[in-house]
Amino acid sequence: MGKLVLIDGHSILNRAFYGVPELTNSEGLHTNAVYGFLNIMFKILEEEKPDHLAVAFDLKEQTFRHKMFADYKGTRKPMPQELHEQVPLMKEVLTAMGVPILTMAGYEADDILGTIAKRCQAEGEEVSVVSGDRDLLQLADTHIKIRIPKTSRGTTEIHDYYPEDVKREYQVTPTEFIDVKALMGDTSDNIPGVPSIGEKTATNLIVAYGSIENAYAHLEEVKPPRAKKALEEHYDMAVMSKELAQICITCPIPFAYEDAKIENLYTPEAYQYMKRLEFKSILARFDVQDMGGNSVEEHFWSVEDLSGAEQIFEKAKGAKQVGCQLILAENQVAGLTVCIGEEEIYTIPAAGFLTGNYLCDHLEELIAKRDPALEPVAVLDLKSQLPYLNLDYGSAVVDMGVAGYLLNPLKDTYEYDDLARDYLGMTVPSKTDLLGKQSLAKALEEELPEAVTCGCYMAYVACKAAGVLKERLEKEGMLKLYREMEMPLIYSLYHMEQAGVRVDKEQLKLYGEQLEGKIATLEQEIYELAGEKFNINSPKQLGEILFERMQLPHGKKTKTGYSTAADVLEKLAPEYPVVQKILEYRQLTKLNSTYAQGLAGFIREDGRIHGKFNQTITATGRISSTEPNLQNIPVRMELGRAIRKVFVPEDGYVFVDADYSQIELRILAHMSGDERLINAYRDAQDIHAITASEVFHTPLAEVTPLQRRNAKAVNFGIVYGISAFGLSEDLSISRKEALEYINKYFETYPGVKQFLDEQVKLGKEQGYVTTMYGRKRPIPELKSGNFMQRSFGERVAMNSPIQGTAADIMKLAMIAVDRELREKHLRSRIVLQVHDELLVETHRDEAEQVVQILTDRMKHAADLKVSLEVEAHTGDNWLDAK
DNA sequence: ACATTGTAG
DNA sequence: TAGTGCTACAATGTT
């Protein structure tokens with residue numbers, strides 16, 4: 001058995017026209033009705049998954065109804081021009097998708113639909129008839145469902161009617177429905193009714209008598225008298241109206257069921273139409289690979305001659321919107337791509353006269369001399385290009401990757417294909433699709449045509465996305481954040497990466513060797529105590545040795561076996577010397593492999609590590625550090641923190657290390673507005689002790705170390721989105737006790753409780769939470785039906801505004817510090833950022849001044865209800881500067 | 001590619 | 001009911 005969907009073309013188009021806000025493409029064509037129609041159609045196709053589909057349209061010609069009734073004016077009010085011009089367009093689009101269009105002289109679309117619906121039902125098919133016109137309800141039948149889309153509050157709902165549904169809503173059967181209509185008349189269809197009979201009376205009459213004819217036969221009984229009189233006088237008119245409203249189900253329409261079979265709606269022709277009409281969300285449904293490629297690729301060019309390149313730069317200079325991208329190999333420029341509008345996208349490989357330098361100089365000039373009346377040059381990843389361009393804060397350039405990050409920080413990548421999909425509704429081949437594992441620079445050198453395609457897409461997407469992303473940022477209230485925080489930060493991070501941090505290679509090597517010596521000893525001792533050799537680094541083997549062969553009591557289990565995590569082993573360590581040794585071994589091997597060996601591999605010729613600082617990774621707005629990670633250098637344990645001694649300033653310089661004291665808690669005080677917390681943090685020396693004093697109602701001087709420790713844990717817990725379980729784990733207390741602490745805390749600081757609850761509420765309502773500066777963190781987990789997921793979402797909702805605001809403030813501070821150091825031409829530079837800490841390498845002579853600058857800029861990066869406190873220290877290595 | 005572990009704020 | 005406090009990155013072993 002098949003399933004057929006029939007659509008009343010004019011009716012749905014009409015409904016879409018009034019339901020969808022005005023929409024035109026760049027040619028000025030009105031497209032809203034076609035757009036709305038397609039959306040309704042796709043929605044129904046997705047729901048029903050029919051195997052057959054056809055759309056019926058009315059024709060201009062007179063129908064049999066005109067002959068029946070001389071005054072019959074036609075079926076519809078005159079269409080507005082804006083809708084009228086969309087009818088042929090709609091038909092073209094449907095034809096391009098291979099959907100049959102049914103019309104027939106002398107009949108209306110209703111009649112065609114009715115005829116085919118009944119015919120197919122008789123042949124055993126399931127039929128859905130989609131229309132905005134309720135007159136079609138008369139067609140409802142056991143296997144014919146009438147579907148009426150209703151737009152309310154922006155969303156389209158589809159109401160379905162089988163005969164029982166009609167009965168429920170109108171008290172009459174589908175066949176009787178026409179009689180009701182005929183009695184009351186239908187102004188929109190110019191069907192005359194019986195005067196003074198309204199919907200109520202008409203329904204009552206038909207419910208009682210089943211038809212107009214039968215009611216007339218029982219005229220004497222008809223009530224009220226008014227209706228009786230009207231029916232008597234206008235009976236002929238009523239019958240005529242009924243005939244007019246009656247859908248003809250026997251029109252001689254040639255229709256082969258097989259012709260309506262849905263083969264493939266997503267044809268290249270249809271794709272071209274969607275493109276021309278600029279239906280981005282619909283375009284996204286198409287698989288571009290099948291479309292014979294994006295037609296924009298027709299405008300991708302490779303330019304290899306000097307005069308060609310000159311012309312491009314000349315033209316780019318005056319173009320309103322330009323997209324560019326330097327193509328970089330290891331340490332050199334392999335090419336430049338430029339997009340100037342829809343049809344001019346160029347890849348210029350660096351070769352011959354077109355040297356890398358030439359290309360960089362021109363790109364630099366294009367940006368540096370950009371006419372302020374034009375849009376800034378759009379690029380994908382500015383920081384990676386800055387080494388080749390002499391640009392600084394405020395240049396006329398925007399980074400599309402960073403913009404994409406602000407709009408959705410949860411994504412893994414912000415490459416051109418991601419941006420094209422998310423913001424242009426285009427499916428374009430990714431770099432990997434085009435080049436596999438090969439680098440773009442390499443492919444360009446080898447003159448692979450795919451390299452030109454890939455390069456051009458980069459410039460094209462940057463260019464096209466610029467307007468869209470700007471609009472979106474504006475709409476979401478993040479344009480200021482983008483322009484005044486994220487864009488400038490690119491330069492700060494670039495300067496920091498360029499500066500790098502000096503690491504004493506010899507000392508690091510020595511440190512590693514010491515570790516290795518101790519590791520070798522420990523290793524032997526462990527084998528001895530365990531009674532056999534095994535790979536201590538393998539949690540699997542270690543678990544088997546400890547918990548099976550040696551029969552130690554095991555704690556929690558992981559998916560794959562016994563957990564050998566530190567917190568489990570620590571509980572066993574006092575009783576089992578081997579476990580203690582394993583813990584030490586773990587610590588040492590960690591230090592050796594990740595830090596001693598790991599860092600050594602990143603020291604460059606200049607004796608410095610130039611790690612990467614990434615701006616588009618974290619969900620909260622923090623920056624992250626890779627290759628190597630310089631934000632997790634040990635400090636908590638004595639042995640580990642010794643590594644920090646190998647981080648040293650260059651000769652004649654010192655380190656100034658400045659860190660925010662309790663920035664997250666201060667932000668909590670500010671954002672929650674809790675008076676008591678604000679007062680506590682005004683001028684606070686020991687915040688945790690004050691919290692303990694207030695929560696436990698103890699004079700500050702009498703706060704015990706335990707009380708302070710508990711208060712500190714609660715403080716941390718609050719920032720992380722506390723749970724009784726988490727706190728109980730942290731403090732090794734019962735869940736009940738933990739809950740009591742939390743409740744006491746909230747009693748003491750009710751504003752904090754209110755604030756955290758509010759964040760969860762906002763998160764659920766909006767799907768995201770925001771920082772003080774408007775940065776958004778989407779939290780899809782809040783909508784999850786899974787308790788775990790949802791709880792996670794709730795904690796994230798509580799934590800992100802705080803962590804994110806701290807990140808924002810640090811970013812502002814960094815930018816301010818970097819700018820001032822540079823503007824004053826100081827021999828000082830930021831070398832590391834560790835979330836709430838800045839490490840600056842400064843000439844000895846400037847140390848005092850730099851301490852001032854750092855402290856001042858960091859303290860005043862934000863104006864909160866509590867002061868921001870900064871601790872700054874000077875030292876000859878990172879450890880001593882802490 | 002994924003899991004486990006351990007560093008940091 | 002289960003199972004939990006947030007954000008990252010890297011080394012190692014296992015599949």
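Labels below follow one simple rule: chain letters A, B, ... track the order of the sequence lines, proteins then strands, and each chain is numbered from 1.
Taking the C1' atom of each, B/dT7 and C/dT4 are spaced 22 Å apart, rounded to whole Å. With both ends at atom P, the span from C/dG5 to B/dG6 equals 15 Å, rounded to whole Å. Remark: the separation of the P atoms in B/dT4 and C/dG3 is 15 Å, to the nearest Å.
Note: A/Tyr405 and A/Tyr414 have perpendicular aromatic rings, judged against thresholds of 30 and 60 degrees for the angle between ring planes. Ring geometry, A/Phe547 versus A/Tyr562: the interplanar angle falls from 30° to 60°, so the pair is classed tilted.
Backbone-only engagement by A/Arg586 is indicated by non-hydrogen atom pairs under 4.0 Å involving sugar-phosphate atoms exclusively. When heavy atoms are screened at a 4.0 angstrom cut-off, A/Ala566 is found touching the sugar-phosphate backbone but no base atom. At the heavy-atom level, A/Gln803 lies under 4.0 Å from base atoms of the strands shown. Note on A/Lys540: only backbone sugar-phosphate atoms sit closer than 4.0 angstrom, heavy atoms only; bases stay farther off. Note on A/Ile617: only backbone sugar-phosphate atoms sit closer than 4.0 angstrom, heavy atoms only; bases stay farther off. At a threshold of 4.0 angstrom between heavy atoms, the contacts of A/Glu729 with the nucleic acid are absent. Nucleic acid contact class of A/Val719 (heavy atoms, under 4.0 Å, all strands): none. Among the heavy atoms of the strands lying under 4.0 Å from A/Ala619 are primed sugar atoms or P, OP1, OP2 only; no base atom is included. Across all strands, A/Thr589 comes closer than 4.0 Å to no nucleic acid atom at all (heavy-atom distances). Nucleic acid contact class of A/Glu627 (heavy atoms, under 4.0 Å, all strands): sugar-phosphate only. Counting any heavy atom pair closer than 4.0 Å across all strands shown, A/Asn535 reaches sugar-phosphate atoms only and no base atom. The residue A/Arg735 sits close to a base: some heavy atom pair falls under 4.0 Å. Counting non-hydrogen atoms under 4.0 angstrom, A/Ser800 reaches nothing in the nucleic acid.
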In residues 716-732 of chain A, what donor-acceptor pairs under 3.5 Å come from side-chain atoms, sequence neighbours left out?
residue  : atom : partner  : partner atom : Å
A/Ser723 : OG   : A/Gly726 : N            : 3.0
A/Ser728 : OG   : A/Ala724 : O            : 3.3
A/Ser728 : OG   : A/Phe725 : O            : 2.6

> Hey, mind stepping through A/Tyr585 and A/Glu525 against side-chain hydrogen bond (donor to acceptor under 3.5 Å, both in side chains) and telling me if it holds?
Replying inline: CA-CA 10 Å; A/Tyr585 173 90; A/Glu525 288 173 347; over 6 Å; no
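Of all nucleotides in DNA chain B, those with any atom nearer than 4.0 Å to a heavy atom of chain A start and finish, going 5' to 3', at B/dA3 to B/dG9. Close approach of DNA chain C to chain A, defined as any atom under 4.0 Å from a non-hydrogen atom of the protein, starts and stops at C/dA2 to C/dT15.
Inspection of the A/Tyr527 and A/Glu523 side chains reveals an N or O donor paired with an N or O acceptor under 3.5 Å. Looking only at atom types and distance, the side chain of A/Gln833 has a donor-acceptor partner in the side chain of A/Gln631 under 3.5 Å away. Side-chain polar atoms of A/Glu737 and A/Ser734 form a donor-acceptor pair below 3.5 angstrom. A donor and an acceptor atom, one from each side chain of A/Thr620 and A/Gln803, are located under 3.5 Å apart.
Mapped onto DNA chain C by nearest heavy atom, A/Gln541 and A/Arg795 fall at different nucleotides, with A/Arg795 at the one closer to the 5' end.
Side-chain contact between A/Met810 and A/Met858 is present, with heavy atoms from C-beta onward closer than 4.5 Å.
Aromatic ring centres of A/Tyr741 and A/Tyr745: separated by at least 6.0 Å.
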